[in-house]
Amino acid sequence: MKKELAKTYDPKGIEDRLYQKWLDGGYFHAEVNPDKKPFTIVMPPPNITGQLHMGHALDNTMQDILIRWKRMQGYETLWQPGTDHAAISTEVKVIKHLAAQGIEKEKIGREEFLKHCWDWRKEYGSRIVNQLYKLGSSADWARERFTMDEGCSEAVQETFIRLHEKGLIYKGNRIINWCPVCKTSISDAEVEHVDQNGFFWHINYPVVGEPGRFVEIATTRPETMLGDTAVAVNPEDERYADIVGKTLELPLTGRTIPVIADEYVDREFGTGCVKITPAHDPNDFEVGKRHDLEEINIMNDDGTMNGLCGKYAGLDRYEARKQIVADLDALGLLVKVVPHTHAVGTHDRCGTTVEPMVKPQWFVAMKELAKPAIEAVKNGDLTFVPERFDKIYLHWLENIRDWCISRQLWWGHRIPAYACSNCGKITVARTMPEKCPHCGGEHLVQDPDTLDTWFSSALWPFSTLGWPEKTPELEYFYPTDVLVTGYDIIFFWVIRMVFSGYEHTGKCPFHHVLIHGLVRDSQGRKMSKSLGNGIDPLEVIDKYGADALRLTLMTGNAPGNDMRFYWEQVEASRNFANKIWNASRFIMMNLPEGEIREPEKYELKPADRWILSRINTVTREVTENLEHYELGMAVQKIHDFLWDEFCDWYIEIAKFRFLLADETAKNAALWTLRTVLSKGLKLLHPYMPFVTEEIYTTLNPEEETIMTSAWPVYEEQWNFKDSEIQMEIFRSMVKGIRNIRSEMNVPTARKTEIFVVPKDDHGKWVFENILKTMQGFERMVFAREFKIMDDKSEVPEDSVTVTLANAVLYIPLNELVDRKKEIERLRNEHEKILKEIARAAGMLKNANFLRKAPESKVYEERMKLARYQAVQAQLLEQLKKYE
RNA sequence: GGACGAUUAGCUCAACGGGAGAGCAUUCGCUUCACGUGUGAAGGGUUACAGGUUCGAAUCCUGCAUCGUCCACCA
């Protein structure tokens with residue numbers, strides 16, 4: 001039973017139906033299969049708070065393309081999906097959600113709050129997954145994981161304990177980045193430096209015992225002076241040499257502080273004297289450690305001044321700044337205020353200015369862990385595509401500081417550490433110890449903190465496969481093959497997965513990292529909620545289909561580069577889907593009920609051989625592009641081949657044979673159409689899964705799906721260079737005729753005679769061959785009659801000419817021939833060809849070129865020159881006719 | 001202060017050592033029996049700039065300019 005396709009491709013309905021079919025068919029599912037080679041990608045787990053945005057769409061389209069391609073190549077292909085608990089994001093959202101109902105986190109307590117979080121996860125965790133369905137993602141949903149599910153949580157705990165045992169996780173009083181709004185510590189990676197316009201306040205600190213003598217310091221944060229415990233100068237600085245060791249009066253506090261000398265101070269900057277606040281500045285903290293200074297914490301967790309600040313206690317840090325400045329001014333100690341722009345650390349999630357604070361936190365010691373991760377890139381075990389991201393990765397790792405992993409949040413993996421309320425010592429253990437191993441005390445309390453959300457993501461490539469158990473999946477699918485992600489999370493995620501992989505599994509978790517850029521709006525701005533310029537991928541899918549969206553995201557997109565989103569481009573992609581749809585529809589309309597016989601090679605016409613040869617080459621090139629992760633390049637070639645060569649040329653040529661009684665010729669055309677279409681659909685399938693599946697299964701009703709059909713391979717037996725050359729001549733003939741008719745404004749309806757005068761016997765053979773084998777081609781050249789002549793004696797005088805390399809075509813256009821216009825046209829062409837000749841001849845005259853250039857290049861230029869010269873001679877002859 | 005990227009047709013981008021390409025836009029045609037979400041033709045570029053290497057450079061090197069991104073403790 002022959003199925004018919006609708007006149008235009010309408011993705012609605014088709015996409016959902018096909019996706020359901022794929023799910024039901026279990027095609028996305030991968031199993032350990034010793035007979036096949038595995039190919040694995042882990043999906044960057046989207047946040048459970050998230051909504052699908054263009055970044056997800058791009059990221060997942062790229063992964064799906066690789067996965068679908070490898071699946072068709074016969075690999076056991078696992079695309080491991082899952083979601084991330086997104087500690088801080090989720091917690092913030094749940095708090096807001098509860099606040100709307102008048103519920104406060106602190107009031108309901110930890111257990112109750114976590115219940116709400118899990119409810120949230122239940123409600124929204126699957127939302128983004130369903131949105132990924134819409135894209136066509138062929139992930140193995142049966143294996144979907146969650147960073148806080150039982151297995152992943154076990155992996156997290158195990159990791160923590162092992163690292164702790166090795167001494168690589170420690171708890172310490174260090175200066176950390178504190179967010180006064182989120183009220184939690186954050187890691188260095190979460191701090192974004194933003195330029196802010198501020199001031200330099202120059203303040204005089206009086207020298208004790210020397211009335212009238214001051215030390216002038218400059219600071220951008222006067223409020224922190226309440227926590228100053230020294231003033232530092234450079235030891236080499238003669239200006240201040242005599243003051244080192246003296247004591248200063250710290251204004252507004254009644255405290256005194258010493259003047260110390262430290263290399264850290266830059267003599268050239270500011271006044272050359274730096275106030276040292278060890279508890280509120282990372283550098284001062286270091287200086288403080290070197291000089292054994294007291295660390296005075298002057299702030300509360302919410303960024304207000306604490307009880308040590310006297311009259312300023314309770315004021316917000318910025319309010320305190322104002323008053324302190326005013327008070328200093330009143331005391332005559334404010335020397336001057338200078339505008340100053342500087343980079344201020346802000347929390348990347350909420351934009352709050354980070355407050356450095358000294359707090360007891362858990363850290364991962366990074367120095368040793370970073371080593372194998374650095375080595376991996378240096379020895380080629382891990383490569384970035386494009387390569388330039390190597391440097392960014394290495395630079396970060398080579399300058400890495402210890403990773404602060406504890407968070408003062410409730411939603412997340414709780415730190416498996418227990419403090420004894422008797423002796424105060426901490427025990428790290430898998431379960432709460434009954435007795436303190438240090439003092440035998442029975443009152444132990446689990447650390448209230450949870451872990452950085454990236455601590456669990458770092459384990460994702462192996463925790464999802466069952467680690468720490470030695471599961472068959474881990475054995476088979478790990479290490480994974482390629483990781484696809486945006487450059488914006490190299491530090492957060494990629495680096496941490498790499499060192500975690502080496503540390504816990506002894507292997508690099510993947511060998512290639514394919515980096516993509518951001519999808520920006522049409523004006524090049526980042527899509528953001530606050531700007532309201534985001535484009536919802538679901539809206540695009542709804543209007544134009546998932547295939548159109550996917551194609552849009554992949555065309556003209558080079559790895560690592562940002563791209564802009566244009567609706568016009570989506571339209572173009574949709575048009576392409578429709579083009580393929582209609583070409584297929586046309587082919588199917590003409591296919592007979594029964595089988596098509598594979599023609600003998602000699603039954604194939606030059607056009608058949610040409611298109612078969614072309615798709616053979618395209619197959620090879622596309623496969624090579626994919627192997628190099630050149631996804632944009634590959635789809636460009638598929639697109640151009642299918643549209644320009646297959647639709648616009650081959651189908652047009654082949655369709656004439658449908659009308660013939662010559663069954664052999666017709667069969668060859670139909671078989672070729674079907675074969676090339678099938679292969680073309682397969683090449684396109686990873687990019688446009690829906691439309692290709694719909695067509696393919698209609699075309700091949702006996703096949704269940706294109707998804708598991710075999711990826712085409714290059715075969716030498718289908719390489720027909722001779723036919724490619726013949727078709728090249730044919731196409732230049734058709735183009736030449738169309739061109740001239742268009743220039744002369746000849747109506748399509750007007751058919752003419754065309755006289756061909758070949759240059760030589762070979763030329764004659766070529767055109768006789770065209771006449772014999774290209775049935776119906778006269779229509780393509782608007783010919784009433786197509787005659788091959790031995791010489792031009794019988795050609796009507798008033799003909800326009802089309803000059804080819806091996807023949808001249810004469811088109812008698814009678815009254816339409818404007819001699820002046822024709823001369824001008826011929827002259828223009830002659831000029832063009834002279835330029836070409838000059839170029840080629842110039843090269844060939846150059847002795848160095850002949851000596852140094854590869855032989856093939858020289859040969860190529862010789863051939864070109866010969867061809868140009870032939871054309872030029874003929875053009876000259878034409879021109880002579882008019883003179 | 002460093003590093004990286006971009007600078008190519010009106011717009012958005014490809015090409016990355018051998019004659020500058022695509023999509024969109026523009027102009028002029030086409031109710032050709034798959035597709036007007038189509039089709040034919042045309043116009044449009046000293047590949048930011050200045051040097052250099054090379055037989056040959058958009059492509060490699062050096063410098064410079066503009067824009068962008070990342071990193072960085074200049075208080």
Side-chain angles (χ1 to χ4, degrees), chain A residues 5 7-9 192-193 200 217-221 224 232 264-266 268-277 281-287 340 342-343 345 356 386 388-389 391-392 395-396 399 487-488 490-491 517-518 522 524 544 548 552 555-558 560-569 571-590 632-633 636 639-640 644 647-648 651-652 655 734-735 738-743 745-749 779-780 782 835-836 839-840 842-843 846-854 856-858 860-861 864:
Chain A
L5 297 175
K7 196 171 171 181
T8 49
Y9 175 62
E192 204 174 326
H193 289 91
F200 244 149
I217 59 97
T219 178
T220 54
R221 303 198 54 200
T224 61
Y264 153 69
V265 181
D266 179 351
E268 313 299 319
F269 192 78
T271 61
C273 303
V274 187
K275 63 192 267 312
I276 302 296
T277 323
D281 183 283
N283 301 301
D284 295 7
F285 180 80
E286 298 297 325
V287 175
H340 178 68
H342 60 148
R388 70 183 125 98
F389 289 98
K391 275 191 192 164
I392 295 172
H395 183 255
W396 173 269
N399 295 286
Y487 57 67
D488 48 335
I490 292 176
F491 305 138
L518 264 39
S522 59
Y544 293 93
T552 300
T555 41
N557 186 3
N561 286 358
D562 288 353
M563 59 178 300
R564 297 188 188 196
F565 184 90
Y566 279 89
W567 283 102
E568 289 87 343
Q569 195 160 5
E571 220 170 279
S573 302
R574 185 270 319 264
N575 294 352
F576 178 60
N578 190 58
K579 182 74 188 175
I580 297 306
W581 179 262
N582 270 292
S584 309
R585 188 162 76 95
F586 176 65
I587 292 167
M588 283 188 241
M589 275 166 45
N590 287 288
M633 193 87 253
Q636 176 88 275
H639 173 278
D640 292 352
D644 302 342
C647 291
D648 288 348
I651 293 181
E652 291 306 321
K655 63 167 53 161
V734 175
K735 281 187 197 165
R738 283 174 179 169
N739 181 334
I740 209 161
R741 288 177 59 108
S742 182
E743 261 181 50
N745 282 321
V746 184
T748 339
R779 242 171 67 184
M780 297 179 83
F782 312 93
K835 269 187 203 158
E836 295 299 340
R839 192 192 58 81
M843 276 171 98
N846 185 332
N848 282 326
F849 172 72
L850 297 174
R851 207 173 63 236
K852 293 185 179 175
S856 61
K857 182 69 196 164
V858 176
E860 200 183 302
E861 288 303 325
K864 280 184 200 165

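Order of the sequence lines fixes the chain letters, A, B, ..., with proteins taken first and strands second; residue numbering starts at 1 for each chain.
Distance from the side chain of Ile651(A) is smallest to A34(B) among C73(B), A34(B), A14(B). Comparing C71(B), U12(B), A42(B) by their closest approach to the side chain of Tyr566(A) singles out U12(B). Picking from A34(B), A14(B), A41(B) the nucleotide with the shortest atom distance to the side chain of Ala558(A) gives A14(B). Considering only side-chain atoms of Lys735(A), the nucleotide from U12(B), A41(B), A34(B) that sits closest is A41(B). Proximity note for Asp648(A) (side chain, C-beta onward) versus U32(B), U39(B), U37(B): the nearest is U39(B). Residue Asn561(A) places its side chain closer to G5(B) than to any other of C35(B), A75(B), G5(B). Among A3(B), A34(B), U32(B), the nucleotide with an atom closest to any side-chain atom of Thr748(A) is U32(B). Comparing A75(B), A34(B), C71(B) by their closest approach to the side chain of Trp396(A) singles out C71(B). Taking the side chain of Arg574(A) as heavy atoms from C-beta on, and the options U37(B), U39(B), C74(B), the nearest nucleotide is U37(B). When distances run from any side-chain atom of Arg388(A) to the nucleotides A75(B), A72(B), G5(B), the shortest one goes to G5(B).
Between Ile490(A) atom CD1 and C70(B) atom P the separation is 12 Å, expressed in whole Å. Taking atom CZ of Phe576(A) as the reference point, atom C1' of A34(B) lies 15 Å away to the nearest angstrom. Taking atom CG of Asn745(A) as the reference point, atom P of C28(B) lies 11 Å away to the nearest angstrom. The interatomic distance linking Asp644(A) (CG) with C35(B) (C1') rounds to 15 Å, in whole Å. Atom CD in Glu568(A) sits roughly 14 Å away from atom C1' in C13(B) (whole-Å rounding). Between the CG atom of Leu518(A) and the C1' atom of A6(B) there is a distance of 15 Å, given to the nearest Å. The CZ atom of Phe389(A) sits 14 Å away from the P atom of U69(B) (whole-angstrom rounding). Separating the CD atom of Glu860(A) from the C1' atom of G56(B) is a distance of 13 Å, rounded to the nearest angstrom.
For A20(B) and G45(B), the P atoms lie 14 Å apart once the distance is rounded to whole Å. Comparing U59(B) with A25(B), their P atoms sit 32 Å apart, to the nearest whole Å. Between G56(B) and C49(B), the distance separating the two C1' atoms is 22 Å to the nearest Å. Taking atom C1' in both A42(B) and A50(B), one finds a spacing of 36 Å when rounded to whole Å. For C64(B) and C4(B), the P atoms lie 14 Å apart once the distance is rounded to whole Å. Across G17(B) and U32(B), the matching C1' atoms stand 45 Å from one another, rounded to whole Å. Taking atom P on both U37(B) and U26(B), the two are 15 Å apart, rounded to the nearest angstrom. For A48(B) and U8(B), the C1' atoms lie 10 Å apart once the distance is rounded to whole Å.
Side chains of Leu850(A) and Glu861(A) form no contact here, defined as non-hydrogen atoms less than 4.5 Å apart. Contact check for Asp281(A) versus Pro356(A): no side-chain heavy atoms found under the 4.5 Å cut-off. Within the 4.5 Å cutoff, the side chain of Thr8(A) has no heavy atoms near those of the Trp581(A) side chain. Between Thr555(A) and His639(A) the shortest side-chain heavy-atom distance does not fall below 4.5 Å. Residues Met588(A) and Arg585(A) have side chains not in contact (no heavy-atom distance under 4.5 Å, counting atoms from C-beta outward). When side chains are defined from C-beta on, Lys655(A) does not count as touching Asn590(A), because their heavy atoms never get closer than 4.5 Å. With contacts defined as side-chain heavy-atom distances shorter than 4.5 Å, the pair Met843(A)/Asn846(A) does not qualify.
Searching all strands for a Watson-Crick or G-U wobble partner of C70(B) with both distances below 3.5 Å returns G2(B). With both pairing distances under 3.5 Å, U7(B) is matched to A65(B) as a Watson-Crick or G-U wobble pair. G43(B) makes up no base pair with any nucleotide shown, lacking Watson-Crick or G-U wobble contacts both under 3.5 Å. In this structure, C30(B) forms a base pair with G38(B), meeting either the Watson-Crick or the G-U wobble geometry with both donor-acceptor distances under 3.5 Å. Pairing partner, A48(B): none, since no Watson-Crick or wobble contact has both distances short of 3.5 Å. Shown here, A22(B) forms a base pair with U12(B); the pair counts as Watson-Crick or G-U wobble because both key distances fall under 3.5 Å.
As judged by a 4.0 angstrom heavy-atom cut-off over every strand, Arg738(A) is placed among residues touching the sugar-phosphate backbone only. At the heavy-atom level, Pro854(A) lies under 4.0 Å from base atoms of the strands shown. Base engagement by Tyr264(A) is indicated by at least one non-hydrogen atom pair under 4.0 Å involving a base atom. Here Lys7(A) lies in heavy-atom contact (under 4.0 Å) with sugar-phosphate atoms only. Lys391(A) comes within 4.0 angstrom of sugar-phosphate atoms only, judged by non-hydrogen atoms across all strands, and of no base. Residue Glu192(A) is classed as having no contact, given no heavy-atom separation below 4.0 Å to the nucleic acid. Asn739(A) comes within 4.0 angstrom of the backbone, heavy atoms only, and of no base. Using a 4.0 Å heavy-atom criterion, one finds that Arg779(A) contacts the bases of the nucleic acid, with or without backbone contacts as well. Within 4.0 Å of Ala853(A), counting heavy atoms only, lies at least one base atom of the nucleic acid. Using a 4.0 Å heavy-atom distance criterion, His639(A) is classed as making no nucleic acid contact. Heavy atoms of Gly272(A) sit under 4.0 angstrom from at least one base atom.
Residue whose closest nucleotide on RNA chain B sits further toward the 5' end, between Ile587(A) and Thr555(A): Thr555(A). Each of Asn846(A) and Asp562(A) was matched to the nucleotide of RNA chain B holding its nearest heavy atom; the match closer to the 5' end belongs to Asp562(A).
The closest donor-acceptor contact from the side chain of Asn578(A) to the backbone of Arg574(A) lies at 3.5 Å or more, if one exists at all. Tyr544(A) contributes no side-chain N or O that, together with a main-chain N or O of Glu571(A), makes up a donor-acceptor pair within less than 3.5 Å. Distance alone, capped at 3.5 Å, is enough to place a donor-acceptor pair between the Asp562(A) side chain and the Leu518(A) backbone.
Distances shorter than 4.0 Å separate none of the side-chain N or O atoms of His395(A) from OP1 or OP2 on A72(B).
Side-chain atoms of Gln569(A) stay outside donor-acceptor range of the base of A22(B), with no qualifying N/O pair under 3.5 Å.
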